[in-house]
There are 2 protein chains.
Amino acid sequence: MSHAIRPETRRGRPPAGQSTLSRQAILGAAMDVVDGKGVEAVSMRTVARVLGVDPKSLYNHVENKDALLDGIAGLILSRMVVPDSCGGLREDLTAIARAFRGAALAEHPRAARLVLTRPVESLITLEPLEVALAAFLRAGASPEVAVHCLRTMLAFITGTLLREAEAAFTLALSDPDMATERQRTLEAVELPSVRAAAPHLAKCDHEQEFDFGLGLLIDALECRLG
Amino acid sequence: MSHAIRPETRRGRPPAGQSTLSRQAILGAAMDVVDGKGVEAVSMRTVARVLGVDPKSLYNHVENKDALLDGIAGLILSRMVVPDSCGGLREDLTAIARAFRGAALAEHPRAARLVLTRPVESLITLEPLEVALAAFLRAGASPEVAVHCLRTMLAFITGTLLREAEAAFTLALSDPDMATERQRTLEAVELPSVRAAAPHLAKCDHEQEFDFGLGLLIDALECRLG
DNA sequence: ACCTGAACACCGTTCAAGT
DNA sequence: ACCTGAACACCGTTCAAGT
C-alpha cells in the first residue's frame, strides 16, 4: 500500500520502462490518501505528492479529479467478494448485503461516503447484482419484480451504511457522553413519543440496526414472493 | 427569492438599521445559488457576490462554509410540512415518507444531495419523527422496536432519494436513448439473471420504485407489529 | 508518449485596521 | 458590532515547450 517517492524531479519522457506513473498507481496513491486522511484530503496535488510527481502529470492517466474519485469508488466495489449462492433467499440476500457492507465500509471506512454517493462505473459491479437477482427469480419473482426487490434492498443498504458512515441524518451520537446528554435533551422535549423513545434515539448500534432492517425486508420479500 | 445587490462597497459598521447581512439573508442567497447552479457552485465568494458583499463578511454570521451547507440542509428540512396523523399505520407512514420526499427532492432538487448526506442539526426535524414514532407505538411497538422501525424507514427513504437525485449507484439511465443502449449492453452480458432483467434494469421509474419499496416495508411492519 | 514550467482563475480563512 | 484590505496557503486545469 505504500508508494515510492521519486528522489528528484525530472523533465520530459521518462527513460523507457521506468514510468512509475499509471492509472493504477494513481488510484492506489489516492486510496492511501483516503484511508489516511479522509476523502476531503484528496486533491490532485496531494495524490501527486504521494507519488513524488507533478500534479499535472496525473492528467495523462486520469481525466480529471471527478474521474479519479469515481475510480476509487469503482476500485473498492470491484474488490467486493461475492459469496456463492447457497440456495435459500434469506441466506443469499444476507450474504450479499454483508459482503457489500464489508467492501463499502469495513475495508475502507473513510471512503464509504464516496462509494455510496457516486454513481459507479456499472459493469464492475454486475456479479453481485446477478447473485441477488438470481435469488429473487428463484424465489418466484418476475424479472420486473426482481428488479424492484433489488432496488429496495439496495436503497436500504445505502441508507443504512450512509448513516453508519456518519454521513446521513441521525439523532444518535457515537460518543457515549454526548449520547447521554442527547438523551437528556430528548427527554426534555414536548413530543411524547420522542420522549418515550429518547434512550433508543440517542444511541445507535449499527450492526443491530442493519440486521433488524435486513430481517424485516427479507420477511416482506419472502411473504410477497412465496 | 431574489436578493438586492449593494450598489457600492462600503467600509466599517453599516449605518444603524441598514445591515442587510444576516444569517437568514446568507442562507437565502446560498439557496438561490444551489437552486440556480447546484451545490458545487456554492462558495463563500459566490454567495457573497449574490448579496453584493465581501466574502469575509459572511464570517460574522456563519461559522464557516460547512456550517453554511448544514444551514441550507436544515432550512430545507425545517420547511417540511408534516401531515396530521389520520390513524392508520399505512396512511401515516406513507404521508410522512411523501412529505420527506417533497421537502428533500421536489422543492429543491439540486439540494437533495445536501439534505440526504449531511447529519442535520437535529432539533429542527423532531416533529416528523414524532409523528412516525407515534404511529409505530400505536401499532403496538415497544419504544425500542419503534426506533428500529423508524431507522429502517429512514434508511430506505434516504437510499431511494439519493438514487433519484442521481447521487447513488444505479444501472438505469434517465436519458431514454442511453437507456436502450444500456439495455443492449446488459443483454449481451454472460450473467443470465442480469440478462433476463435487462429491460427493467436499464430504466427506473422513481415514483414507482418509491411506492413499491414503501409498500413492501409497511407490509413487513404491519405483519411484525400487528 | 509522457513529463513539467508558466500561467490562470479560482478556493476558505485569519487578523488587524477601519467606522 | 460589523465591515473590509492585505495576506496566506491552498485548489483544478490548460497548454505549450521540453525530452
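Here is how names work: the chains are called A, B, and so on, in the same order as the sequence lines, proteins then strands, and each is numbered from 1.
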Exercise for review: Any strand is fair game: report the nucleotide pairing with C:dC3 by Watson-Crick or G-U wobble, both distances under 3.5 Å, or none.
Suggested key: none
Review point. Within the pair A:Asn60 and C:dC3, is there a side-chain N or O less than 4.0 Å away from OP1 or OP2?
Key: yes
Exercise for review: Return no unless some side-chain N or O of A:Ser57 is found under 4.0 Å from OP1 or OP2 of C:dC2.
Suggested key: no
Check your understanding: Is it true that atom CG of A:Asp84 has more than 12 heavy atoms of other residues, nucleotides or ligands lying nearer than 6.0 Å?
Key -> no
Exercise for review: Kindly say if A:Lys56 contacts the phosphate of C:dT4, meaning a side-chain N or O under 4.0 Å from OP1 or OP2.
Suggested key: no
Point to revise | Base-pairing mate for D:dA17 - Watson-Crick or G-U, with both contacts under 3.5 Å | key: none
Practice item. Please state how far atom CD in A:Glu63 lies from atom P in D:dG12, giving the value in whole angstrom units. Key: 15 Å
**Study point:** Residues A:Glu166 and A:Ser174: side-chain donor-acceptor under 3.5 angstrom
**Key:** yes
Check your understanding: To the nearest Å, how far apart are B:Met44 CE and C:dT13 P?
Key -> 6 Å
Check your understanding: How long is the line joining CG of A:Leu58 and C1' of C:dC2, in whole Å?
Key -> 13 Å
Check your understanding: Counting any heavy atom closer than 4.0 Å, what does A:Asp54 reach on the DNA or RNA strands: base, sugar-phosphate only, or nothing?
Key -> sugar-phosphate
**Study point:** Heavy atoms from other residues, nucleotides or ligands near CG of B:Asp175 exceed 12 (cutoff 6.0 Å)
**Key:** yes
**Study point:** G-U wobble or Watson-Crick pairing nucleotide for D:dC10 (cut-off 3.5 Å, both distances)
**Key:** none
Exercise for review: To the nearest Å, give me how far apart CG (A:Asn64) and C1' (D:dG12) are.
Suggested key: 9 Å
Check your understanding: In whole angstrom, what separates A:Asp66's CG from D:dG12's P?
Key -> 11 Å
Review point. When the distance from NE2 of A:His61 to P of C:dA1 is rounded to whole Å, what number comes out?
Key: 12 Å
Point to revise | Note, B:Leu201 side chain near A:Leu150 side chain (heavy atom, < 4.5 Å) | key: yes
**Study point:** Euclidean distance, atom CZ of residue B:Arg45 to atom P of D:dG12 [Å, nearest integer]
**Key:** 15 Å
Check your understanding: Going by heavy atoms in the side chains, are B:Val194 and B:Leu171 under 4.5 Å from each other?
Key -> no
Point to revise | Protein-nucleotide distance (A:Leu69, atom CG; D:dG12, atom C1'), rounded to Å | key: 13 Å
